[in-house]
Q: 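Attaching a single structure in structure tokens format; questions to follow.
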Amino acid sequence: MKIAVPSEGKQMDSPVNRSFGRTPCFIVADTETGDFKVIDNEAAAAQGGAGIKAAQTIVDSGAGAVVTFHCGENAAEVLNAAGIRLWKAVPGTVADMADAWKNGTLAELSEIHAGYHGHG
């Protein structure tokens, strides 16, 4: 399974970014092979709709799951429509999230917030 994680850097040992829509990049990790690719988040500089644009980037990446601390309702709708499940991140690195997902120790992300509309 390919999972997408918002990341502060471009390596698997980078910390998970606290933001979904405004993260600098996503790391899409293949939990079966250990391979990963970095996708720059062009939505990070968007004036509005960053979460929706970031979610579409994830859909286009082929990931089947997202591990994140937070997700707005509009982004969650895009991901859910594509059959992408959301999992709650815990403090750590992208590699930690890939391992935790593979080991089944992450909870599904159930607290979807209204988003940060107009809050830059």
Q: Atom OG1 in T105, atom CE in M97: separation rounded to 0.5 Å?
A: 8.5 Å
Q: Measuring from atom OG1 of T68 to atom CH2 of W87, what distance do you get when rounded to the nearest 0.5 angstrom?
A: 14.0 Å
Q: Does the side chain of I3 come within less than 4.5 Å of V66's, by heavy atoms?
A: no
Q: Taking atom CG of L109 and atom CZ of F20, what is their separation to the nearest 0.5 Å?
A: 10.5 Å
Q: Can you tell me if N80 uses its side chain to pair, donor with acceptor, with the backbone of A76 under 3.5 Å?
A: yes
Q: Once you round to the nearest 0.5 Å, how far does CD of E8 lie from SG of C25?
A: 9.5 Å
Q: Take T57 and D60 through the test side chain to side chain donor-acceptor pair (under 3.5 Å) and record every step on the way to the result.
A: CA-CA 5 Å; T57 298; D60 294 344; 5.8 Å; no
Q: For the backbone of S19 and the side chain of N17, can you confirm whether one donor and one acceptor N or O come within less than 3.5 Å of each other?
A: yes
Q: Indicate if V59 and V28 have the same hydrophobic cluster label, given that clusters are the connected sets of ILVMFWY residues with side-chain heavy-atom separations under 4.5 angstrom.
A: no
Q: Do F36 and D30 come close enough that some side-chain heavy atom pair is under 4.5 Å?
A: no
Q: For M1, does its backbone N or O pair with a side-chain atom of T31 as donor and acceptor, under 3.5 Å?
A: yes
Q: Does V94 reach the side chain of D13, with side-chain heavy atoms less than 4.5 Å apart?
A: no
Q: Could you grab the distance from atom CD1 of I52 to atom CD of E73, nearest 0.5 Å is fine?
A: 9.5 Å
Q: Between S61 and I39, what is the shortest heavy-atom contact and its length?
A: CB-CD1, 3.4 Å
Q: For N41, does its backbone N or O pair with a side-chain atom of R22 as donor and acceptor, under 3.5 Å?
A: no
Q: Is there a donor-acceptor contact under 3.5 Å from the side chain of T93 to the main chain of D96?
A: yes
Q: How far apart are the closest heavy atoms of A50 and G21, and which atoms are they?
A: CB-O, 3.7 Å
Q: Is there a side-chain contact between F69 and P6 (heavy atoms, below 4.5 Å)?
A: no
Q: List the steps, then state whether salt bridge (charged side-chain N to carboxylate O under 4.0 Å, His left out) holds for K88 with E111.
A: CA-CA 9 Å; K88 177 88 173 154; E111 316 89 33; 3.8 Å; yes
Q: Would you name the heavy atoms of K53 and G48 that are closest together and state the gap between them?
A: NZ-O, 3.2 Å
Q: Is V5 reachable from F26 through a run of I, L, V, M, F, W or Y residues, each pair having side-chain heavy atoms under 4.5 Å apart?
A: no
Q: How far does CD1 of I27 sit from NZ of K2, to the nearest 0.5 angstrom?
A: 14.5 Å
Q: Does any part of the side chain of I112, heavy atoms only, come nearer than 4.5 Å to the side chain of L86, both counted from C-beta?
A: yes
Q: Tell me, with the steps shown, if R85 and E108 meet salt bridge (charged side-chain N to carboxylate O under 4.0 Å, His left out).
A: CA-CA 8 Å; R85 293 179 66 186; E108 281 203 67; 2.5 Å; yes
Q: Give me the atom names and distance for the closest heavy-atom approach of A55 to A75.
A: CB-O, 3.6 Å
Q: When you measure from the side chain of D40 to the backbone of E42, do you find a donor-acceptor pair of N or O atoms at a distance under 3.5 Å?
A: no
